[in-house]
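Since the structure comes first, as structure tokens, the remarks are kept for the end.
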Amino acid sequence: MLETGLDTQGNDEEVGKLTDGFHLIIDALKLNGINTVYNVPGIPITDLGRHMQANGMRVLSFRHEQAAGYAAAIAGFLTKKPGICMTVSAPGFLNGLTALAHATTNCFPMILVSGSSEREIVDLMQGDYEEMDQLAIAKPLCKAAYRILHVEDIGIGIARAYRAAVSGRPGGVYLDLPASLLGQTIGADAGAKSLVKVIDGAPAQIPSPEAIERALDVLKSAKRPLIILGKGAAYAQADIEIRAFIEKSGVPYLPMSMAKGLLPDTHPQSAGPARSLVLKEADVVMLIGARLNWLLSHGKGKAWGEASKKFIQIDIEPREMDSNVEIIAPLVGDIDSCVKALLQGMGEAWSKPPASWINQVSAKKDNNVARMASKLQNNNVPMDFHGALGALSRIIAERPDTVLVNEGANTLDFARSIIDIHKPRKRLDVGTWGVMGVGMGQAIAAAVETGSPVLAVEGDSAFGFSGMEIETIARYDLPICVVVFNNGGIYRGTDANLSGGTDVATTVFVKDIRYDKMMEAFGGSGYNATSPDELRRSVIEALDSGKPSLVNAVIDEEAGTESGRIGNLNPQSVVSKKQAT
Ligand code: ADP
Ligand code: MG
């Protein structure tokens, strides 16, 4: 029998002419260019992580699987390769599942790899250690789910998971690895031959010439055209072509939050500060890698105004067309191929939109920017969102390579519009679900995958979901500065318990928390900032150090509105809050 595991010196020695499940999994991942894994160790995958590390892979251990999963999901977004999250069975698997569903919802390629218990016992429901039919549970929450039972299927199983994650519309894939698979042996030669390298995992999907012509005809006919860039456009990494297309078209564009920076937010064609106007007034809207979901009010209703609209949509997923409103010019294909074909089809002489439209958008934009300017310069104590975010916005402008991670309610809404982004894929946030707790995982993966400094701007509530991961940040000595916008509660810190009882209100935290002390406890640097000037100094010092740091930014506890800008989504009781008490 082959001895698996490490020898007494901790070396990972090759034994005999056999290989096993542990090593074939590693070989298969490496063959496919996967060298980083986000995990929480435990039975049965602890040794798998050890062997991965011994074989030159980067294995980052988290404190909770959900954060490891969010890291893997955003690694997929940043690299176009599946991010790998590895968990133990049942409870660890379930903890990772939220992130897998999040990856699928956001169209990020990710593979959740979970160890599982003995099939024979699980299937007879005989009560194994951490018994659960994980494959069945994962299936409805991801793009594809596979289980590998035999060592000779590892090569094909991993290739299948890889291809499912990255091809077509990217998404989450579940890969179930029963404990007994890991120790199975096979001849080293047969094992090597069983590996599969995925060739052309996300093949170009070339749009039809008719679809290109149709789209250009509609765009040409527009009096008030608008382009909307979504995170699919950021994912596509067709940055040069997208910029060339937008500039050649002369059309104002609106970036969705994670598409900010695809063209710098300071670009003259950016219609960001005139969002309401362009949505209402546009007569032709071209969507590039953005869905007409709730984030765009489903393409209809008040936000879109009275003017009738024609929609052009570029998406790799054919079923996205006509999902909410009629798409008069569907362009099914990958964004890179579509945008290249559009550029070619435009020819030399493309006439830009009417000056009246461009001037109307610019005037609105200038007006809104001017109105905000003084608010963003304020040095109020206690800080409000504008003063604090104005300071951070200036830092990002000076350091455009910094990756901005952002979550919270008010902290998210204000930062999204206040902080300009200057380069592609430099803003990572809560995505399609508006999920809280993604920030620490995203910050860690951004630092690991890009090597860039990271500034994570976090609401105090959002931070709390995965705050313990600052130990992970400290352990790997990552160049991450976390800024906690501390207003003492969810939305704000001033709510009262309507019963008059002794418990604080449901949305209120302990007063005057010093989150910076948490980072100090793990050996990183902590700062307490009470004014925008102090915040600026702290963040600059932290970023210059390139070390783990946390700035407790003390925000007025009265600042902040219920659910930020989406308070309208809260159902209202017919009995008023006062009457109910
Ligand atoms: P946002 O929230 O920023 O508006 P969405 O997540 O709603 O963005 O939309 C992203 C869209 O991009 C999805 O419909 C997805 O199918 C599409 N997409 C992702 N990658 C590509 C690609 N390479 N080519 C074309 N479409 C893509
Ligand atoms: Mg708060």
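Whatever order the structure lists ligands and atoms in, that order sets their numbers, starting from 1. The basis for the numbers below is simple: all heavy atoms, side chains too, and nothing from hydrogens, waters or symmetry mates.
Here is the list of ligand 1 atoms found below 4.0 Å of a heavy atom in Gly333: 24 (N), 25 (C). In the vicinity of Asp334, heavy-atom distances shorter than 4.0 Å reach the ligand 1 atoms 24 (N), 25 (C). Numbered from 1 in the order shown, with element, the atoms of ligand 1 that lie under 4.0 Å from a heavy atom of Asn293 read 7 (O).
Any N or O atom pair closer than 3.5 Å counts here, and Glu320 shares no such pair with ligand 1.
If you look at Ala290 next to ligand 1, the close heavy atoms, those under 4.0 Å, come from the backbone and the side chain alike. Contact annotation: for Leu296 versus ligand 1, there are no heavy atoms closer than 4.0 Å.
Val504 places none of its side-chain heavy atoms less than 4.5 Å from the side chain of Asn497.
Heavy atoms from other residues, nucleotides or ligands lying under 6.0 Å from NZ of Lys310 number 12 at most. Atom NZ of Lys375 sits in a sparse spot, with 12 or fewer heavy atoms from other residues, nucleotides or ligands closer than 6.0 Å.
For Tyr515 and Phe463, the ring centers are positioned less than 6.0 Å apart. Aromatic ring centres of Phe311 and Trp304: separated by under 6.0 Å.
Protein heavy atom at the shortest distance from atom 4 (O) of ligand 1 is Met256 CG, 3.3 Å. Looking only at protein heavy atoms, the nearest one to atom 19 (C) of ligand 1 is Gly232 CA, 3.7 Å. The single protein non-hydrogen atom nearest to atom 3 (O) of ligand 1 is Lys231 N, 2.7 Å, given as residue, atom name and distance. In terms of protein heavy atoms, atom 9 (O) of ligand 1 is closest to Gly289 O, 3.3 Å. Of all protein heavy atoms, the one closest to atom 7 (O) of ligand 1 is Arg291 NE, 2.9 Å. Asp315 OD2, 2.5 Å is the protein heavy atom nearest to atom 14 (O) of ligand 1. Of the protein's non-hydrogen atoms, Tyr235 CD2, 3.6 Å is the one closest to atom 20 (N) of ligand 1. Nearest protein neighbour of atom 23 (N) of ligand 1, counting heavy atoms only, is Ala236 CB, 3.9 Å.
Between the side chains of Arg416 and Asn406, no donor N or O sits under 3.5 Å from an acceptor N or O. Side chains of Asn552 and Asn486: a donor on one and an acceptor on the other come within 3.5 Å. A side-chain donor-acceptor contact under 3.5 Å links Thr432 and Asn106. The closest side-chain donor-acceptor pair between Ser563 and Asn570 falls under 3.5 angstrom.
Taking the ring centre of Tyr235 as origin, the terminal cationic atom of Lys80 falls inside the region bounded by 6.0 Å and 45° from the ring axis.
Among residue pairs with one or both ends in residues 275-295, none qualify as ring-ring contact (aromatic ring centres under 6.0 Å, His included); sequence neighbours excluded.
Put simply, Gly489 gets within reach of the Mg ion (ligand 2), with an N, O or S atom under 2.8 Å from it. Taking 2.8 Å as the criterion, Asn410 does not count as a coordinating residue of the Mg ion (ligand 2), since none of its N, O or S atoms falls below it.
Using a 4.0 Å cutoff on heavy atoms, Ala238 does not count as a contact of ligand 1. At least one heavy atom of Cys107 sits under 4.0 Å from some atom of ligand 1.
Asn487 contributes OD1 and Asp460 contributes OD1; the angle these two atoms make at the Mg ion (ligand 2) is 110°, rounded to 10°.
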* Check the pair Asn378 / Asp384 against side chain to side chain donor-acceptor pair (under 3.5 Å), numbers first and verdict last. => CA-CA 9 Å; Asn378 88 59; Asp384 55 32; 3.1 Å; yes

